[in-house]
Q: 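Structure below; questions to follow.
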Amino acid sequence: VQLQASGGGLVQPGGSLRLSCRASGIVLNFGDMGWYRQAPGQQRELVALITVGGATQYADSLQGRFTITRDATKKVVALQMDRLRPEDTAVYYCNADLDYQEYWGHGTQVTVSS
């Protein structure tokens, strides 16, 4: 199983971006999927999480600006990021618990700057 992330880039403050992550390969047991981020000089932190049943969890600092979703195959997770702020600048990583193993996608850079 591999996680393939897409999206990210440069956006002005107040703008939006959408990240997507797809799990490739055969998966028999599905667990949580989510997004983490790591800003320069800081620890990696949880941004949002979605369970196989669709329950969601968000970092308190987001204040309702991000939305995590998962498709019907349970292998694709997306993060819609609205009203982006400069402090959202970071490398974003997809994470998944699949077949009782933890997987990480490659990081994708999100830069919020005017």
Q: So which heavy atom on Gln38 is nearest to which on Gln43, and how close?
A: CG-C, 4.1 Å

Q: Which distance, rounded to the nearest 0.5 Å, do you find between the CG of Asn95 and the CG of Leu46?
A: 8.5 Å

Q: I'd like to check Arg37 versus Tyr93 (side-chain heavy atoms, cut-off strictly below 4.5 Å). Are they in contact?
A: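 In short, these two side chains do not touch, never coming nearer than 4.5 Å.
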
Q: So which atom in Leu79 and which in Ala48 form the shortest heavy-atom distance, rounded to 0.1 Å?
A: CD1-CB, 4.0 Å

Q: List the atom of Ala39, the atom of Thr89, and the distance in Å for their closest heavy-atom pair.
A: CB-O, 3.7 Å

Q: With rounding to the nearest 0.5 Å, note down the distance linking NZ in Lys75 to OG in Ser24.
A: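 Here the rounded value is 7.0 Å.
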
Q: Same cluster for Val76 and Ile68 if Ile/Leu/Val/Met/Phe/Trp/Tyr side chains link at under 4.5 Å?
A: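 No, it is not one cluster - the side chains of Val76 and Ile68 are not joined through contacts under 4.5 Å.
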
Q: Is any side-chain heavy atom of Ile50 less than 4.5 Å from a side-chain heavy atom of Val77?
A: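 Yes - at least one pair of side-chain heavy atoms lies under 4.5 Å apart.
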
Q: For Gln2, I'd like to know if atom CD has over 12 heavy atoms of other residues, nucleotides or ligands within 6.0 Å.
A: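 Check fails, neighbour count at 12 or below.
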
Q: Verify whether the ring centers belonging to Phe66 and Trp35 lie closer than 6.0 Å.
A: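 Ring-ring flag for Phe66/Trp35: false, centres at least 6.0 Å apart.
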
Q: So which heavy atom on Val52 is nearest to which on Asp32, and how close?
A: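 For Val52 and Asp32, the tightest heavy-atom pair comes out as N-OD1, 4.2 Å.
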
Q: If you look at every heavy atom in Ala5 and His106, which pair is closest and at what distance?
A: O-NE2, 3.3 Å

Q: Can I get a per-line list of side-chain donor-acceptor pairs under 3.5 Å for residues 8-23, giving both atom names and the distance, sequence neighbours left out?
A:
residue : atom : partner : partner atom : Å
Ser16   : OG   : Asp82   : OD1          : 2.8
Arg18   : NH1  : Gln80   : OE1          : 3.4

Q: If hydrophobic clusters are built by linking Ile, Leu, Val, Met, Phe, Trp and Tyr wherever their side-chain heavy atoms come under 4.5 Å apart, do Phe30 and Leu49 end up in the same one?
A: no

Q: If you compare all heavy atoms of Val1 against all heavy atoms of Ile26, which two are closest, and at what distance to 0.1 Å?
A: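 Looking at all heavy atoms of both residues, the closest pair is CG2-O, 3.7 Å.
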
Q: Please collect all salt bridge (charged side-chain N to carboxylate O under 4.0 Å, His left out) contacts where either partner lies in residues 96-114, sequence neighbours excluded, each pair once.
A: none

Q: Are any non-hydrogen side-chain atoms of Gln109 and Tyr92 less than 4.5 angstrom apart?
A: no

Q: With a 4.5 Å heavy-atom cut-off, do Asn29 and Leu98 have their side chains touching?
A: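 No; the side chains remain at least 4.5 Å from each other.
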
Q: Kindly indicate, with the supporting measurements, whether the criterion side-chain contact (heavy atoms from CB on, under 4.5 Å) is fulfilled by Val47 and Met81.
A: CA-CA 11 Å; Val47 176; Met81 305 184 291; over 6 Å; no

Q: Under the salt bridge (charged side-chain N to carboxylate O under 4.0 Å, His left out) definition, can you give me all pairs with a residue in residues 56-74, not counting sequence neighbours?
A: Arg65-Asp88

Q: Quick one: does Thr51's side chain get under 4.5 Å of Met33's, heavy atoms only?
A: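 Not touching, per the 4.5 Å side-chain cut-off.
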
